[in-house]
Amino acid sequence: MVHIARLLDEGGLPTDDEFLFGWDPTPGIVSIWADRSGKALLWRREGQRVTCSTEHFRPWIVATTLDDLAHLPSPVLPAPSDRGAQATITYRELDGPDGSYRYLLSARDGHLLERVLVAGASRRLGREVNRVSNLPETYYGVGPVEQYLMLTGKVCFKGLAYDDLHRLAFDLETTALDPQRGRIFLAAIHDSTGFETLLEAATPEQEAQLIADLCALIREHDPDVIENYNLCGFDFPFLQYRAAALKVPLRLGRAGGPPLLDSYEEAGSAGPYRFRQRRFSIAGREVIDTLEAVRRYDFAARVLPSYRLKEVAKHFGLAAPDRVYLEGSKVYETYREHPDLVRHYALDDVREVDGLSRRLMGAAFALAGMAPRGYGRVASAGPAMGILEPLLVRAYLRAGTALPQPITPDASWRHEGGATYLLAEGVAEHVVKADVASLYPSLMRTYQIGPKCDALGMLLHLLDRLTELRLFHKAAARQAPPGSMEANQHEGTQAAMKTINAAYGYMGAGTMALFADPQAADTVTRRGRELLDGLLAALRQRGVVPIEADTDGVYFAVPATWTQQEERTLVAQIGARLPTGTRLEYEGRYRAMLSHAIKNYALLTYDGELIVRGGALRSSRSEPFGERFLRQALLAVMQDDIAGVQRCFLDTVQMLRQRMLPASEVASRVRLSKTPQDYLASRTTHSEGQYEALLAAGRTQWTVGERVRTYRTQSGAWRWLPEEREEAPLSFEEQDDNEVLVNGNVLGLAETTPIDERRDYDVEQYARVLLTSYASRLAVAFTAEDFQQLFRVDGQMSLFDRPLEAMQLRWIRCPATTSLTPLSLLDEEKGHEQPNKSADAGSSPS
DNA sequence: AACGGACGGGG
DNA sequence: GTGTACGTCCGTT
């Protein structure tokens, strides 16, 4: 076995690494198309010009055995060499043990190769085998484009910047969402050169012409990339259906290749998930759906409340000031009366798509310059099986090394994940959050934990290189002028390198991943737990108080007197003692924290913002008055205002009793699922509050899906609360924030009460709800006796009540004596590589 | 309550 | 714990 270190010419620039960037220098490839016959079409861009060339390759597959070729008559028996490219089937032996995929089989034609292997396998196994892909333990193969790129070491976009690509977005406006019931009446086009136009079909008779014109326009402008928002979920399927119905061929392909839009159903299973997705491909053009890019972005960022194009564009600051907004269902009727409005609207759509592409596609663009896959595939590929594995396979074939033998799953193996600890319950002030950056890939690099079957050490090599590149581009992005093309490029490349985070999951993937190694994955999490334990021990040793820890991060309380600088210094000092290659980051500081249960806590920022994490601090009932109470009470608790908590509770109870709260505050909102007929049929056996409420109000008609508010009245009946006309209830978030900013004193329900005369709700019922569904969430902050005294629904005093001043919250306190050790004293401990294993941190694992 | 399934997005 | 992800909301026991 030759280790990677000896294969590599050390010391070169990272971009010299052929395992990461391929080895063929061909510049300007913008699109690749290949088929099983061994034909590959390359479209290369040189400035404004694009040329197409036809290449031939020998379709290949790797196999663990030659047995399925044994039945061949001698003239077609393979020879162990690459010479004679005309030979029907040949093989090459790769370096590797028995059982590994050590035979690289190739043929002039991929269909022939498949037929021969299927016949041989059927004979060998004594049963009908339909496809080699049904024999994963014997054969490993990839798609034609991947075969070509892995063989040649070519990659997309060499020498190109993102802005060199010619991208075109088109957006269809239709009379309905369903192509069986509606038609296309308008198409807006925008491309990256600034070209824009509209195609219109005012009458149904003009629709076929619109489709033909759209195709002609795309062929004429000849973009490398076709984009839109939900392109593969809406525009392409709609276009395809209408074109078929009207018998218009969708000639969208580039000169030199097959002309028609192609689509196929991709069915697969990813662990517990099963998915069917329609894929679209056009020879010579890459298909990009920016909705998918948005989903990926938000997977990590978690900032988008909605994935509607309009909301997303606003979030990224892409919406024009004069942007036209129309409700989807109103688009066509608006067009008939005010066509200009819809034209404007449709152009705004495609412009925003262009902006999204610029903002979000940088990472996929960078990855397409590395992985042996087309840009469109890279954009919709997962980082593990979609990027890392193709990189590994290409590297192994390049090195002439066999792909590892598929592992047999060990059913008895139990994988242990990261550690999670609830270390303290109650209320803390002055809380710091720190976490280890890229914990798992860092551990893999630090302790050289790679898959045992990775004889070349390639995964760790790729991890090293990707990490170096990430740091380089991160720094470069910071130095470049903000918003510049250069900054965008570096930011995209930096983001692409986050692929490293998939390496751990890939190893743990069991049988699906070629280079899986569950034991290695387990070693990573074990090291992770040790590191977390060591981190907790180090924090305790320094006198601060850990509150909750999860896999790679920890919340802890520091002395009240500390400044942010001191907090940062502590994190830096503790980080310095972590194993080399792991970095502890200061993530943030909070004025207070209520630690309720594992992964369930509330935080109060220094800006007065309340953050609530975990389902246990939320009620599924979510009556407005209860939600509001809980938020206010959490704020009061975290500001050590016991009197405020009690006042908040008693005031709410009193407002219920005196019916100062309108019914809308106690009502819960439900969605109707039964038609009036359905409900009337089941009513006698099974009565349901929401429908009874409607019927009692004289409503005998409703639609399924309608949301109604209902509440329980004194008599036990349910009552419907009709929506008020545009009397939008105040946003509770805003309201709470304002209150906090104004003064620490929370409460002010009365003045927000909308004009609503209904107050006939069941007071006792809602008082009970307040206690059992909401106040109970605060129990962790009080002793049992204090809690009972504070939250009494009857509001009665008792002779044995303690004065509030005598009460103490259940504090999580950091001793005031804790002080920072000067850095000089810690220096002696430098070189202390291993995390402290004597940690007692696991004393209360959950 | 606890669990299972659909949905999101597009006109 | 993998190519489609993962809360949230619904409906059912």
Side-chain angles (χ1 to χ4, degrees), chain A residues 143 171-179 181-187 228-239 266-277 279 289-292 294-300 302 304-312 326-335 342 345-346 349 353 373 377-378 380-390 409 413-418 440 502-518 520-522 524-525 615 618-622 669-674 686 688 704-705 707 773:
Chain A
D171 185 47
L172 304 180
E173 302 303 328
T174 65
T175 59
L177 277 173
D178 179 354
R181 304 196 311 127
R183 63 177 184 90
I184 304 165
F185 68 89
L186 185 145
N228 194 25
Y229 201 74
N230 203 14
L231 177 60
C232 299
F234 179 73
D235 298 83
F236 266 155
F238 201 104
L239 181 66
E266 199 178 63
S269 64
Y273 302 105
R274 296 169 52 148
F275 62 93
R276 296 172 75 74
Q277 209 200 345
R279 288 203 170 266
D289 188 337
T290 47
L291 167 59
E292 199 178 345
V294 164
R295 289 188 174 131
R296 268 156 207 275
Y297 164 82
D298 198 49
F299 175 61
R302 306 228 158 261
L304 297 173
S306 148
Y307 292 162
R308 271 181 259 273
L309 174 62
K310 282 74 178 167
E311 313 289 319
V312 173
L326 294 174
E327 209 180 297
S329 55
K330 300 276 163 53
V331 169
Y332 184 53
E333 61 182 79
T334 308
Y335 177 71
V342 175
Y345 167 84
D349 274 5
V353 167
R373 310 194 77 179
R377 293 302 298 230
V378 166
S380 57
M385 300 296 280
I387 305 291
L388 285 175
E389 185 158 293
W413 184 260
R414 240 192 85 250
H415 178 68
E416 240 183 295
Y440 286 169
Y504 153 76
Y506 176 74
M507 290 200 305
T511 51
M512 295 293 288
L514 197 45
F515 290 86
D517 184 344
D522 212 50
V524 174
T525 50
R618 250 166 240 151
S619 168
S620 58
R621 314 175 53 103
S622 69
R669 202 178 276 273
V670 289
R671 173 165 274 153
L672 303 177
S673 60
K674 292 180 177 167
H686 186 64
E688 293 173 68
V704 171
R707 283 176 151 272
S773 293

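In what follows, every heavy atom counts, from backbone to side chain, and hydrogens, waters and symmetry copies are set aside. What you see is a predicted model, and the numbers here were worked out from it, not measured in a lab. Here is how names work: the chains are called A, B, and so on, in the same order as the sequence lines, proteins then strands, and each is numbered from 1.
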So does [X] get a side-chain nitrogen or oxygen closer than 4.0 Å to the phosphate oxygens (OP1/OP2) of [N]?
X         : N       : value
Arg295(A) : dA5(C)  : no
Arg183(A) : dG11(B) : no
Thr174(A) : dG10(B) : no

_Selected nucleotide, minimal atom distance to Tyr504(A) side chain, candidates dT2(C), dG11(B), dG1(C)_ = dG1(C)
*Identify which nucleotide among dG11(B), dA5(C), dT2(C) has an atom closest to any side-chain atom of Phe299(A), counting heavy atoms from C-beta outward.*
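For Phe299(A), the side-chain atoms sit closest to dA5(C).
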*asked:* How many whole angstroms separate atom CG of Asn230(A) from atom P of dG9(B)?
replied: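 For the pair Asn230(A) CG and dG9(B) P, the rounded distance is 10 Å.
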*Expressed in angstrom and rounded to an integer, what is the separation of Arg181(A) atom CZ from dG10(B) atom C1'?*
14 Å
_Check the orientation of Phe238(A) and Phe234(A). Use parallel for under 30°, tilted for 30 to 60°, and perpendicular for over 60°._
tilted
*Criterion side-chain contact (heavy atoms from CB on, under 4.5 Å) on Val294(A) and Leu304(A), from CA distance to verdict*: CA-CA 9 Å; Val294(A) 164; Leu304(A) 297 173; 3.6 Å; yes
Just checking [X]: base, sugar-phosphate only, or nothing, at a heavy-atom cut-off of under 4.0 Å?
X         : result
Leu172(A) : sugar-phosphate
Gly328(A) : base
Gly386(A) : sugar-phosphate

*Before giving the answer on side-chain contact (heavy atoms from CB on, under 4.5 Å), spell out for Glu173(A) and Asp349(A) the whole-Å C-alpha distance, their side-chain angles and the decisive distance to 0.1 Å.*
CA-CA 10 Å; Glu173(A) 302 303 328; Asp349(A) 274 5; 3.8 Å; yes
*Can you tell me, in whole Å, how much space there is between the C1' of dG8(B) and that of dG1(C)?*
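Approximately 25 Å lies between the C1' atom of dG8(B) and that of dG1(C).
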_Spacing of the P atoms in dG9(B) and dT2(C) (rounded, Å)_ =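 Per the computed distance, 25 Å lies between those P atoms.
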*Does any nucleotide pair with dG4(B) by Watson-Crick or G-U wobble geometry, both distances under 3.5 Å, and what is it?*
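For dG4(B), the partner nucleotide comes out as dC10(C), under the 3.5 Å rule.
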